[in-house]
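Here's the structure we're looking at; comments come further down.
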Amino acid sequence: MDFRFAENESTRDAASARIDVMFRYAFLLAASAVADAPKAAVTVLLAAVDGARS
């Protein structure tokens, strides 16, 4: 049997569409947080160094 071209037989309803949107939004937020983390760490480090010099 060749399953490569099998159709998805599950029905797509509004609830599953909302869940898809929520997962995509959550993934984008997580990716954004990971991308911003190094910048925030540098800011905190510089503030700590500046505070130690004062």
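Predicted, not measured: the structure shown is a model, and the values here were computed from it.
By the 4.5 Å side-chain criterion applied to Ile, Leu, Val, Met, Phe, Trp and Tyr, L29 is assigned to a cluster that also includes Y25. Chaining together hydrophobic side chains whose heavy atoms lie under 4.5 Å apart places L46 alongside V42. With side-chain heavy atoms closer than 4.5 Å counting as contact, directly or through intermediates, the hydrophobic cluster containing F23 also holds I19, M22.
Evaluation of the salt bridge (charged side-chain N to carboxylate O under 4.0 Å, His left out) test over residues 39-48, restricted to residues two or more places apart or in two chains, returns D36-K39.
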